[in-house]
Amino acid sequence: MRGAMQRTISVIGKYVQVDDLVAVGGNESRVVALRELPGLRKRLVFDDGSVLVIRERTTLEVTRGFSLLARVRRWRRAGGPGTVVGAHG
């Protein structure tokens, strides 16, 4: 992905996303599918076919790609410098 960088972050199970790289037992695998389960749980399916069921509050270290352009757009929408809030154009 052009203009993207990867960063390792801590997230709780509620915020795990498809394409995140998750290290489980020392092996890093990419999440290819997610499914919400009863009892505030999530079922993660990895690219190697393995499955992991986690609770919504389980903390995981994930490596995730970030688009620099998308971050700038979000920042501007949130009122970064150069943005005029409340103006009618």
Side-chain angles (χ1 to χ4, degrees):
M1 178 187 304
R2 191 172 158 237
M5 54 191 236
Q6 290 194 335
R7 185 178 296 165
T8 300
I9 58 174
S10 291
V11 297
I12 59 173
K14 181 177 183 176
Y15 299 112
V16 174
Q17 301 175 4
V18 171
D19 286 334
D20 281 349
L21 287 173
V22 179
V24 179
N27 297 321
E28 206 169 60
S29 299
R30 185 171 306 278
V31 177
V32 294
L34 295 170
R35 184 173 183 160
E36 301 281 333
L37 298 174
L40 300 175
R41 296 177 300 152
K42 251 188 191 177
R43 180 178 187 257
L44 311 179
V45 180
F46 296 106
D47 55 359
D48 63 0
S50 60
V51 174
L52 177 66
V53 176
I54 59 172
R55 298 192 73 59
E56 195 175 74
R57 291 299 203 184
T58 302
T59 302
L60 299 169
E61 295 291 318
V62 302
T63 302
R64 183 176 291 172
F66 291 91
S67 166
L68 297 176
L69 182 58
R71 291 182 72 188
V72 168
R73 287 180 180 152
R74 275 195 307 271
W75 179 65
R76 286 187 179 156
R77 278 195 306 261
T83 353
V84 180
V85 178
H88 300 292

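- In plain terms, the two heavy atoms of Gln6 and Thr63 that are nearest each other are OE1-CG2, 3.8 Å.
- By the rule that hydrophobic residues join a cluster once side-chain heavy atoms approach within less than 4.5 Å of another member, Leu34 and Val11 end up as members of one cluster.
- Nearest heavy atom pair, residue Thr59 against residue Ser10, reads CG2-CB, 4.3 Å.
- With respect to Phe46, the side chain to side chain contact (heavy atoms under 4.5 Å, CB included) criterion is satisfied by exactly one of Leu52, Val32, Val51, Asn27: Leu52.
- With rounding to the nearest 0.5 angstrom, the CZ atom of Arg35 is 11.5 Å from the CZ atom of Arg41.
- With hydrophobic clusters built from ILVMFWY side chains whose heavy atoms lie under 4.5 angstrom apart, Val45 does not share a cluster with Val18.
- Separating the CD atom in Glu61 from the CG atom in Asp20 is a distance of 11.5 Å, to the nearest 0.5 Å.
- In the hydrophobic cluster analysis, where Ile, Leu, Val, Met, Phe, Trp and Tyr join through side-chain heavy atoms closer than 4.5 angstrom, Leu44 is grouped together with Ile9.
- Put simply, CD1 on Ile54 and CG on Leu40 are 12.0 Å apart, with the number rounded to the nearest 0.5 Å.
- Cluster membership check: Leu37 does not share its hydrophobic cluster with Val24, using side-chain heavy-atom separations under 4.5 Å among Ile, Leu, Val, Met, Phe, Trp and Tyr.
- Remark: Ile12 CD1 to Arg55 CZ distance equals 12.5 Å, nearest 0.5 Å.
- The two residues Ser29 and Asp48 have their closest heavy-atom pair at OG-OD2, 3.8 Å.
- Within 6.0 Å of atom CZ in Arg30, more than 12 heavy atoms from other residues, nucleotides or ligands are found, so the atom counts as buried in its surroundings.
- In this structure, the side chain of Lys42 does not engage the main chain of Glu56 through any donor-acceptor pair within 3.5 Å.
- Within 6.0 Å of CZ on Arg43 lie no more than 12 heavy atoms contributed by other residues, nucleotides or ligands.
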